[in-house]
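The block underneath contains the structure these notes are about, expressed in structure tokens.
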Amino acid sequence: MFRPKVPTMPQPTGLVTPPAVVKSTAVIQQHTTQTPAPAPVASPAPAPAPARPTVQLTPGAVVALVGSGTAVVLVIGAVLVSMLLAVAITGASVAICALVIRSLISAEGKRR
């Protein structure tokens with residue numbers, strides 16, 4: 001009852017596709033001259049991979065890169081400074097609240 005039963009499938013269902021036939025894509029050059037029993041031409045060696053293209057920067061592109069980099073640094077700096085300022089203001093307000101509460105408590109103790 002508590003043991004799972006794995007279903008068995010005696011026959012596959014659905015469409016069964018035959019295996020794909022792989023055809024050679026090698027280019028064989030044929031000669032127009034009559035030769036007795038031409039030997040099969042081996043496939044040519046693969047061409048070497050081209051080197052990575054070099055990036056050529058124009059003066060306008062350099063100015064754009066410098067300008068965008070400066071803008072990114074300024075935006076990140078402004079965000080960080082504003083976060084620091086928010087923490088400083090919160091800390092100062094908490095300190096002022098603590099002083100007010102302490103003075104209220106001490107003033108109530110003197111009245112009795």
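We number each residue from 1, following the sequence as shown. Just the heavy atoms: all of them, side chains too, but no hydrogens, waters or symmetry mates, feed the values below.
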CG of L104 to CG of L99, rounded to nearest 0.5 Å, is 11.0 Å

Closest non-hydrogen atoms of A61 and L57, given as atom of the first, atom of the second and distance, are CB-CD2, 4.3 Å

Original post:
Is V62 linked to L65 within one hydrophobic cluster, defined over Ile, Leu, Val, Met, Phe, Trp and Tyr using a side-chain heavy-atom separation of less than 4.5 Å?
Top reply: yes

Besides V72, the hydrophobic cluster formed by Ile, Leu, Val, Met, Phe, Trp and Tyr side chains linked at under 4.5 Å, directly or via other members, contains I76, L80

Would you say V94 ends up clustered with V100 if hydrophobic residues are merged whenever their side chains have heavy atoms under 4.5 Å apart, either directly or through other cluster members?
no

